[in-house]
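To start, the structure under review is shown below, and the notes come after it.
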Amino acid sequence: MTDKDDFGPITRNRRRATITSAKSETVKLRNGATAAACDLRSGPKARESLSKNLQINEDNKQKCDRYDKMSCHKLQESMLSSASSFKNYRGILNWCVVMLVLSNARLFLENLLRYGILVDPIQVVSLFLKDPYSWPAACLVIVSNVFILVALYTERKLAMGSFSEKVGLLIYIFNLTIILCFPMVVVLKLPSITPVGGAFSLGVYTILFLKLYSYKDVNRWCRERTRAKARSLSRSLSCPSSPSASSTMQSHVSYPGNLSLRDMYYFVCAPTLCYELNFPRSESIRMGFVFRRLFEMLLLTQLLVGLTQQWIVPVIRSSMKPLQEMDYSRMTERLLRLAVPNHLIWLIFFYWFFHSSMNFVAELLRFGDREFYRDWWNSETITYFWQNWNIPVHKWCLRHFYKPLLRRGAGKLLSQSAVFFASAFFHEYLVSVPLRMVRLWAFMGMMAQLPLAWFVARFLRGNYGNAAVWLSLIIGQPIAVLMYVHDYYVTHCQDDPAIAEANLTVDRGLD
Ligand SMILES: CC(C)(COP(=O)(O)OP(=O)(O)OC[C@H]1O[C@@H](n2cnc3c(N)ncnc32)[C@H](O)[C@@H]1OP(=O)(O)O)[C@@H](O)C(=O)NCCC(=O)NCCS
């Protein structure tokens with residue numbers, strides 16, 4: 001310690017001396033170099049002195065450079081401060097994924113240890129069929145062909161002029177009303193139809209309703225155009241003004257040439273709700289693409305069923321008692337417990353339906369427009385979410401409902417409210433009728449989107465807005481699910497002692 005202290009000043013002095021000598025040499029060199037330059041023509045002695053000075057100059061420059069390299073600080077912000085403009089958080093994203101996998105692996109193990117394996121693929125069949133010899137949902141779907149044929153027949157008569165526009169409209173109103181009422185009555189009255197079978201057939205009829213409504217509108221627009229021009233259309237109503245190279249190769253249909261069975265069934269099967277006389281078509285069917293989508297569909301169906309049986313059902317069963325007793329703290333706990341698997345299943349369903357299934361059908365039909373969804377996951381407002389998550393429905397709403405309302409002079413807010421009201425009606429229809437009880441939870445959930453959209457747009461921006469959209473999806477859906485399941489249980493299963501005992505067992509297991 002003493003030695004070090006003693007040597008300290010000496011070393012410092014030496015260092016100071018070295019730096020001072022280096023500086024003085026530089027000064028000397030400059031002076032010397034100038035002097036030598038002045039005496040350049042004085043002879044070999046002067047030249048020798050010049051080269052010597054240059055050598056010293058070079059040595060000093062190297063010393064100065066070495067000194068400069070020793071400095072290790074510069075003016076800069078810390079990486080995590082927003083002023084640093086550092087944006088690469090890839091590692092943190094990976095960390096999130098690792099944490100997510102680990103925490104879910106724990107949940108998965110806990111679930112397995114508590115309940116054992118509950119997955120039973122055969123049980124899925126019983127969700128659709130009560131009796132293997134009676135297929136009411138499938139029969140209902142087959143009957144829907146009658147409504148398709150009525151629409152086609154009406155359009156043909158309208159095109160020929162055998163029906164006036166008024167008669168055509170009346171037939172359509174009748175046809176479309178029956179499309180919604182007939183399956184509803186069958187599902188409500190037929191005890192052999194299961195809730196899942198009922199929801200499936202009502203879904204098919206709802207899609208058909210929207211498709212035939214679009215079919216009616218587009219054919220009417222064609223007739224109006226034909227009348228206005230007083231000659232047959234040379235090109236399709238929907239075809240782009242400057243057709244692309246690929247589309248010019250294909251033959252274009254014009255009204256009333258589109259009123260054929262083939263055209264009608266192509267539209268009924270195509271993954272769109274908006275009718276066009278000439279859909280964009282892909283060149284060929286890519287079999288590799290078809291098999292990849294088919295594989296995804298099969299795999300994800302199994303995953304959806306497995307997750308529902310293993311994860312959702314026990315949580316829902318265990319929630320019945322807290323819901324009946326109105327035990328708010330345990331109800332909240334069960335809600336949060338349900339939120340994770342429910343959201344996971346919703347995400348898987350999104351990919352299964354909007355990516356795998358729709359692309360599968362589109363590829364088989366060579367249907368060219370594959371924009372079934374857009375980047376709704378980046379939504380910073382609720383409005384953006386509804387514009388981008390379900391493109392077929394959004395396109396239909398804009399083309400056949402929202403814009404016609406605006407054109408008739410309705411205000412923007414009124415038109416938006418009307419669209420959300422119609423959407424709320426269909427959501428309620430698709431849930432309440434198969435469950436055979438009207439509770440309006442789905443209806444209110446959809447209608448709540450309007451004030452929620454206003455709130456998020458008004459008070460939240462950027463990432464906060466995005467987080468609000470995610471939160472509404474993660475928490476909003478399980479609330480509705482719990483409400484319906486609870487009400488269904490109270491209405492249909494409460495008196496069944498076996499179910500009540502099973503629920504209690506699961507509940508005890510969780511607590
Ligand atoms: C209601 C809804 C249709 C509004 O859509 P939006 O895109 O927010 O509506 P905007 O006001 O931005 O306008 C959309 C279009 O109308 C046009 N428009 C707006 N005001 C107009 C007016 N006064 N007159 C004519 N056109 C008008 C816009 O130019 C725009 O046209 P573009 O599509 O060609 O660009 C949409 O939120 C929606 O689809 N909601 C329901 C979704 C749903 O229920 N989905 C179910 C999924 S399960």
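Both counts, for ligands and for their atoms, begin at 1 and track the order of listing.
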Kindly say whether [Y] contributes a backbone atom to a donor-acceptor pair with the side chain of [X] at under 3.5 angstrom?
{"X": "R293", "Y": "S357", "value": "no"}
{"X": "R461", "Y": "A457", "value": "yes"}
{"X": "N219", "Y": "Y215", "value": "yes"}

- Query: Is the closest basic N to carboxylate O distance between E155 and K216 below 4.0 Å?
  - Reply: no

- Message: My understanding is that only one of Y172, F426, F182 makes a ring pair (Phe, Tyr, Trp, His ring centres under 6.0 Å) with F209; could you say which?
- Response: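 By the ring pair (Phe, Tyr, Trp, His ring centres under 6.0 Å) criterion, F209 pairs with just one of Y172, F426, F182: F426.
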
Write out each pair where an N or O from ligand 1 and one from the protein are under 3.5 Å apart, with the distance.
| residue | atom | partner | partner atom | Å |
| --- | --- | --- | --- | --- |
| ligand 1 | 7 (O) | Q387 | NE2 | 2.9 |
| ligand 1 | 8 (O) | Q387 | NE2 | 2.7 |
| ligand 1 | 11 (O) | Y402 | OH | 2.7 |
| ligand 1 | 11 (O) | K412 | NZ | 3.1 |
| ligand 1 | 31 (O) | K403 | NZ | 3.4 |
| ligand 1 | 34 (O) | K403 | NZ | 3.1 |
| ligand 1 | 39 (O) | H394 | ND1 | 2.8 |
| ligand 1 | 44 (O) | S423 | OG | 2.6 |

- Item | K211 to F267, cation-pi by 6.0 Å centre distance and 45° axis angle | yes

